[in-house]
Structures are given as structure tokens and as C-alpha cells.
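Okay, so here's the structure we're looking at.
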Amino acid sequence: MPEQRYRWKSKHIRQQLLVLNGQKAPTLVLKDATYLNARMKQWKKAHIWVYQDRIVYVGSEMPKHTDASTEIIDCSEKYVVPGYIEPHVHPFQLYNPQTFSQYAAKHGTTTLFNDNLILALQLEQKTAFSLIEEMKTLPQSLYWWCRFDSQTEIDEEADIFSHTNITSWLQNEAVLQGGELTSWPKLLDGDDLMLHWVQETKRMRKHIEGHFPGASAFTLAKMKLLGADSDHESMTGEDVVARLTQGYDVALRHSSIRPDLPKLLQELKELQVDYFDHITMNTDGSPPSFYQNGVSDMLITLAISEGVPVLDAYNMVSVNIARYYNMEHLHGHVATGCVANINILEDPMRPTPVSVLAKGKWMKKEGKEQALASVEFPWEKFGFSPLKLDFDLTMDDFQFSMPVGVKMKNAVIMEPYSIHLNVSGDVLASDHDESFLVLVDREGKWRINTLLKGFATNVSGLASSFSNTGDFILIGKSKKDMMCAFKRMKEIGGGIVITEDEKVVYELDLPLKGVMSNLPMEELSKREVELKKVLGERGYKHDDPVYSLLFFSSTHLPYIRITPVGIYDVMNKKVLFPSIMR
């Protein structure tokens with residue numbers, strides 16, 4: 001099979017030419033298709049020939065030579081559009097890169113650009129690159145980012161994100177961007193090494209994605225001079241215009257914690273923005289249940305409902321993204337030479353396809369999922385197996401004397417607060433929203449103990465191996481239930497466990513190193529909804545527990561975080577209270 005970047009070998013190109021010469025049969029013909037010609041931004045009528053994984057002809061002629069292996073599909077009553085592209089995937093929100101891309105493909109999103117953070121943190125680089133190579137055999141087209149920082153504070157930062165490692169990631173041909181730049185303040189403050197990485201990225205003709213929430217026009221201008229090409233953090237129509245003004249490509253985000261797309265499009269309309277060629281859309285790595293209505297197809301539906309011209313809505317999740325990444329020769333078009341990632345629709349007003357081709361193979365056909373849409377991936381080959389912990393917790397690990405706690409302002413923003421409760425007992429009352437909070441090293445070497453305010457009133461014990469760093473989060477009113485939850489989490493090899501009266505009331509096993517599930521998205525979505533229900537019944541008042549657990553350690557968000565090095569003041573960039581060795 002040709003490699004991910006589809007630099008077809010000479011023998012493959014010669015075979016493709018034989019199809020045009022009538023000496024070889026195409027593998028598939030979409031006959032009499034009304035297709036989206038993105039270069040002319042028009043619907044056109046044509047026959048589309050596919051040979052294996054490539055479109056070899058689009059035009060008025062039928063092939064001179066076909067045989068029993070040639071599949072001819074009558075598309076006279078159908079519409080054909082390019083496979084959709086999701087440019088901003090965090091492929092570890094309980095799901096994993098394979099299960100998410102598998103689900104996305106059934107909804108027409110056949111190309112995905114993935115965050116490499118989990119691979120960088122969890123694997124040796126050689127193993128990570130082998131995994132990426134293996135994923136090239138999947139029907140979906142998977143590309144990757146190169147993070148420049150861990151998005152938290154860890155002792156191994158300089159080793160994991162060394163100059164050698166970053167350079168190697170950037171040189172990998174499946175990696176097409178640097179960033180997202182959650183650590184952009186370091187760059188702005190004069191970090192020459194990070195500036196060198198940015199310059200190297202640009203030298204390789206790859207892009208830099210920003211992460212600039214609330215940035216002023218001058219900050220946006222400075223970051224553009226430093227090398228940023230795009231940003232997905234617009235929260236208002238004026239934010240979008242400010243970024244376009246400074247020369248950015250702009251991604252409109254619609255995610256579980258920022259479902260902003262309708263508002264952004266309404267405000268752009270009010271601001272008389274009607275040119276969309278440098279605007280794209282993404283879902284920003286939302287938890288499983290957010291995708292119950294689709295992936296990029298959901299975004300097209302929303303855009304059309306807000307008055308975006310139909311062809312622009314399709315282009316915002318296809319050719320605009322391909323153009324930005326210099327990938328138009330492969331993706332974003334139904335055109336000769338492109339990868340055969342193709343969606344067949346019954347009606348352009350209904351973007352969820354009835355049939356989907358990924359690399360010329362059927363993922364879905366006339367509404368029925370095909371066998372290739374459910375292939376498995378050999379995760380254990382790359383070290384993604386259930387956790388095997390060689391340590392236990394004792395009551396000595398549940399000593400609390402910290403004067404400062406962590407207060408949740410919303411699902412992901414946390415502030416410091418002064419602790420006034422008596423925390424000498426083993427149980428906290430349920431008439432307030434303060435809980436015990438412990439972060440434990442995944443190897444059992446250290447811990448951090450404090451109080452968490454605003455999480456829930458009646459969660460007795462929760463243990464989670466799902467976190468930004470892969471360390472263990474324990475939350476609860478009862479020290480015994482927290483310990484019980486940890487014990488069960490250890491037994492199942494990692495996951496999320498909730499206990500009450502020392503009995504399990506919810507568990508989700510995450511057998512891929514304790515951070516990802518291998519369940520199909522449909523099943524995982526149900527399990528996540530159940531998690532929300534169980535927590536909601538116990539006083540969790542926010543909308544997104546998955547992001548809450550993920551972001552406890554994430555220092556790209558204000559104002560205080562609980563990280564492997566200790567409780568960290570993000571704004572002042574200092575450790576308030578260090579972690580304690582066990």
C-alpha cells in the first residue's frame with residue numbers, strides 16, 4: 001500500500017495511466033455524479049474513475065475497459081463531495097485515535113489532524129513513530145501535530161521536549177504542524193529555543209497553530225511575526241475579524257466546552273463577513289457523547305442553518321483545510337490525482353453521507369457500515385496495555401494540611417482559595433462542595449494532597465487514571481471510599497471508578513495505559529453519559545467531567561493547577577506547594 005503522504009511509486013503511477021489508456025480496468029466508477037468542484041465552487045456533472053486508492057479521472061467519458069472487478073455505481077440521483085477533514089483532534093478523550101477516526105469516517109470525516117501529546121508523554125519516540133507508521137495502514141488518513149511543551153509542569157519536560165526530539169517529530173512526514181502553541185507566552189517572553197523550533201517548522205514548509213484566547217490585536221500581530229499561521233480560540237465575531245486582519249487562517253470552534261459556532265457565524269454575518277476561504281471549522285477534541293450527531297457533518301449542518309452558503313460550508317471542512325496545509329494535491333477535492341476519500345449524499349442540505357469511501361474502500365455503503373469500518377488496531381504491540389501498578393495506597397497517603405485549596409470556577413477554570421475546614425477526620429460533610437483531592441504519581445513516587453471546592457457535594461470516592469499526565473486523580477468526601485476506588489482502578493488496569501459505602505457504583509476501564517478506551521465510540525458515548533448521570537446525581541454541577549479530569553494539571557489555563565511538581569500558580573509561573581515524596 002502507498003505510504004501516508006501518497007508519493008506513489010513509479011509502478012503505481014504507471015498502472016494508473018494504464019487505466020486512462022484503456023489497458024487496465026478502474027476499480028470503481030461513480031457514474032453520472034453531480035459533484036462539488038471546489039476549484040470552480042460549482043456543482044458539476046461527471047463520471048469519476050477510481051483506481052485502488054486514487055481518483056484517476058473526472059470528466060464526461062466512461063472508461064473504455066472494465067471487467068468483473070470494476071464496480072459501477074449509479075450516482076445520477078446523488079451528490080458527491082470530498083471526504084471531510086477534521087483539523088483539530090485531541091484523540092485521547094477516553095477514545096483513541098483509531099476508534100475516533102473509525103467513527104468519524106462513518107460520518108464522512110476521512111482525514112484527521114491529531115494532537116501528538118499522549119504519544120510524546122507515554123511512549124519512547126521510536127515506538128511513537130512506529131505506531132504512526134502502523135496507522136498509515138488504516139483506511140482513514142491520519143496526520144499529526146508536534147507539541148512544543150507538555151501543557152503542564154513535569155520534571156521530565158526538558159528530556160521529552162528536547163531539541164533532538166522536537167526536531168525528529170518535525171521531520172516526520174506525517175507531522176504537518178507545530179503546536180498548538182499553548183506555551184506561547186514563553187515564545188513571546190523571549191524563549192529562543194522555541195523560536196528556533198518555530199523557524200524550523202516554517203523552513204520545512206509546515207504550519208504553526210496558535211492558541212491565543214483573549215489576545216489583543218498587538219499580541220496577535222507579535223505572534224504572527226513570530227511565526228503563527230492560524231488560531232482556533234476566537235470567542236466572538238470580532239475575535240475572528242481581528243485574526244483575519246492580522247493575516248491568520250481562522251478555525252471556528254464548536255466543542256463541548258465552547259459550543260460557539262452558531263454565535264460566531266451570527267456575529268460574522270452582522271459584521272458583513274461573507275468570504276470564507278480562510279475560515280475552517282473544528283470540534284476541538286470533545287468527549288464521546290458530543291459526537292452523537294456526527295463530526296464535520298454536524299458542523300456543515302450548523303453552518304448552513306446559520307446562513308453560510310452551502311458550498312462555503314462544505315469547503316470549510318474540506319478544501320480550505322487542505323489548502324492551508326498545502327495538501328490540495330491529495331485532499332479536499334474530487335479531482336484527478338487526489339486520494340479517493342469521497343462522500344456520497346442524497347441531498348446537499350443533509351451532509352451526513354449515505355456512502356463513504358476512504359482510500360477507495362467503502363466505510364459505509366447505502367447507509368450500511370462495511371467491514372473495513374471496524375478494523376482493530378494492535379495497541380499492545382506499542383505498549384498500550386492495561387496498567388500494572390506495583391504499589392498500594394495507605395491511610396498515611398490521605399493526610400491533609402495544605403492551607404490553600406483549588407476552587408473550580410467552571411468545568412476547567414480553577415482558582416486558589418483558603419481552606420478553613422477541619423480536615424483531620426476521615427469524612428467530609430455533604431452540606432458543602434469541598435472534597436479531598438489527591439494527585440498520585442503513576443509510579444507511586446510522590447503525591448499532592450489538598451481540597452477541591454466546587455466539584456461535587458456527594459461524591460464519596462472517585463479514582464481516575466485518565467488525566468493530562470497519566471497520573472492518578474483521587475477525589476471524594478470519604479478517604480476510605482477514595483482508597484476503595486483506587487484499589488478497584490488498579491484491579492481493572494486503569495480507568496475511572498466511583499465508589500460509595502466502599503462499593504463500586506460506576507466504573508469505566510481504560511485498558512490503553514489507563515488513559516484511553518478501546519470501545520467503539522457508540523458504546524463509549526453511552527458510558528460517558530452514564531458517568532455524567534452518576535456524578536450529576538451526586539452534586540457535580542458542571543457540564544463536562546471528562547475535561548475537568550483532563551485539565552486539572554493543564555497549565556495553559558488559569559489560575560492554579562495541581563501538577564506533578566506541586567500546586568502551581570499559572571499566572572506567576574511558580575510552585576506554591578511542592579509535591580511530597582512517598
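Positions are given from 1, in the same order as the sequence printed here. Computed from a predicted model, the values in this text were never measured in an experiment.
For the 3.5 Å distance criterion, the side chains of Gln266 and Glu306 qualify, holding a donor opposite an acceptor. Using modelled atom types, one finds a donor on one side chain and an acceptor on the other under 3.5 Å when comparing Asp149 with Thr182. Side-chain atoms of Arg147 and Gln151 include a donor-acceptor pair closer than 3.5 Å. For the 3.5 Å distance criterion, the side chains of Thr236 and Lys263 fail to qualify, holding no donor opposite an acceptor.
Shown are Tyr325, Tyr324, Trp145; of these, the ring pair (Phe, Tyr, Trp, His ring centres under 6.0 Å) with Phe113 is made only by Tyr325. None of Val356, Ile73, Ile344 except one satisfies the side-chain contact (heavy atoms from CB on, under 4.5 Å) rule with Lys365; the exception is Ile73. Residue Ser234 is tested with Leu244, Val241, Val240 for a side-chain contact (heavy atoms from CB on, under 4.5 Å); the sole match is Val240. Checked options Thr110, Asp297, Leu299; the residue passing with Tyr84 is Asp297 (criterion: side-chain contact (heavy atoms from CB on, under 4.5 Å)).
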Trace of the side chain to side chain donor-acceptor pair (under 3.5 Å) decision for His211 with Glu233:
CA-CA 6 Å; His211 186 281; Glu233 289 288 332; 3.0 Å; yes
Side chain to side chain donor-acceptor pair (under 3.5 Å) assessment of Ser256 paired with Asp544
CA-CA 7 Å; Ser256 59; Asp544 208 325; 2.6 Å; yes
Check the pair His107 / Tyr291 against side chain to side chain contact (heavy atoms under 4.5 Å, CB included), numbers first and verdict last.
CA-CA 10 Å; His107 284 265; Tyr291 295 103; over 6 Å; no
After noting the C-alpha distance and the side-chain angles of Met194 and Ser183, does the key distance pass the side chain to side chain contact (heavy atoms under 4.5 Å, CB included) rule?
CA-CA 9 Å; Met194 188 171 291; Ser183 58; 3.2 Å; yes
Apply side chain to side chain contact (heavy atoms under 4.5 Å, CB included) to residues Thr164 and Gln125 and explain how you reach the verdict.
CA-CA 11 Å; Thr164 300; Gln125 189 175 86; 5.9 Å; no
Pair Glu86-Thr283, side chain to side chain donor-acceptor pair (under 3.5 Å): steps then yes or no
CA-CA 8 Å; Glu86 169 52 85; Thr283 57; 2.8 Å; yes
Kindly determine whether Glu209 and His232 satisfy side chain to side chain contact (heavy atoms under 4.5 Å, CB included), including the steps that lead there.
CA-CA 8 Å; Glu209 183 183 10; His232 64 281; 2.9 Å; yes
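To the nearest 0.5 Å, atom OG of residue Ser296 and atom CD1 of residue Ile85 are 8.5 Å apart. Interatomic distance, CE of Met298 versus OG1 of Thr301, reported as 9.0 Å (0.5 Å rounding).
Residues Asp229 and Lys202 are paired through a salt bridge, judged by an N-O separation under 4.0 Å between the basic side chain and the carboxylate. Ion pairing of Glu173 with Lys206 is absent here, as no side-chain N (NZ or NE/NH1/NH2) approaches a carboxylate O to less than 4.0 Å. A salt bridge links Arg350 with Glu346; the closest basic N to acidic carboxylate O contact falls under 4.0 Å. Looking at Lys41 and Asp277, a side-chain N of the basic residue comes within less than 4.0 Å of a carboxylate O on the acidic one, giving a salt bridge.
Within the 3.5 Å criterion, the main-chain N or O of Asn96 finds a donor-acceptor partner in the side chain of Thr99. Not a single donor-acceptor pair under 3.5 Å links the side chain of Gln42 to the backbone N or O of Leu36. In terms of modelled atom types and a separation under 3.5 Å, the side chain of Ser101 and the main chain of Pro97 share a donor-acceptor contact.
Note on ring orientation: taking the six-membered ring where Trp is involved, the planes of His331 and Tyr143 are perpendicular (angle over 60°, cut-offs 30° and 60°). The aromatic rings of His88 and His90 sit perpendicular, their planes meeting at an angle over 60°, well past the 30° parallel limit. The aromatic rings of Trp49 and Tyr57 are tilted relative to each other, their planes meeting at an angle between 30° and 60°. The aromatic rings of His556 and Phe551 sit perpendicular, their planes meeting at an angle over 60°, well past the 30° parallel limit. Ring geometry for Phe290 against His254 counts as tilted: the plane angle lies between 30° and 60°, on a 0 to 90° scale.
A 6.0 Å sphere centred on NZ of Lys45 holds more than 12 heavy atoms belonging to other residues, nucleotides or ligands. Crowding of Glu238 atom CD: a count of heavy atoms from other residues, nucleotides or ligands under 6.0 Å not exceeding 12. Other residues, nucleotides and ligands contribute more than 12 heavy atoms inside 6.0 Å of the CG atom of Asp74.
Pairing each heavy atom of Met235 with each of Gly214, the nearest pair is CE-N, 3.8 Å. Shown here for Ile342 and Ile55, the closest heavy-atom pair between the two residues is CD1-CD1, 3.9 Å. Between Ala38 and His333, the shortest heavy-atom distance links the atoms CB-ND1, 3.5 Å. Contact between Ala174 and Lys136 at its shortest, heavy atoms only, is CB-CE, 4.4 Å. Scanning both residues, Val334 and Val58, for their nearest heavy atoms gives O-CG2, 4.1 Å.
In summary, the aromatic rings of Tyr35 and Trp43 are positioned with their centroids too far apart to meet the 6.0 Å limit.
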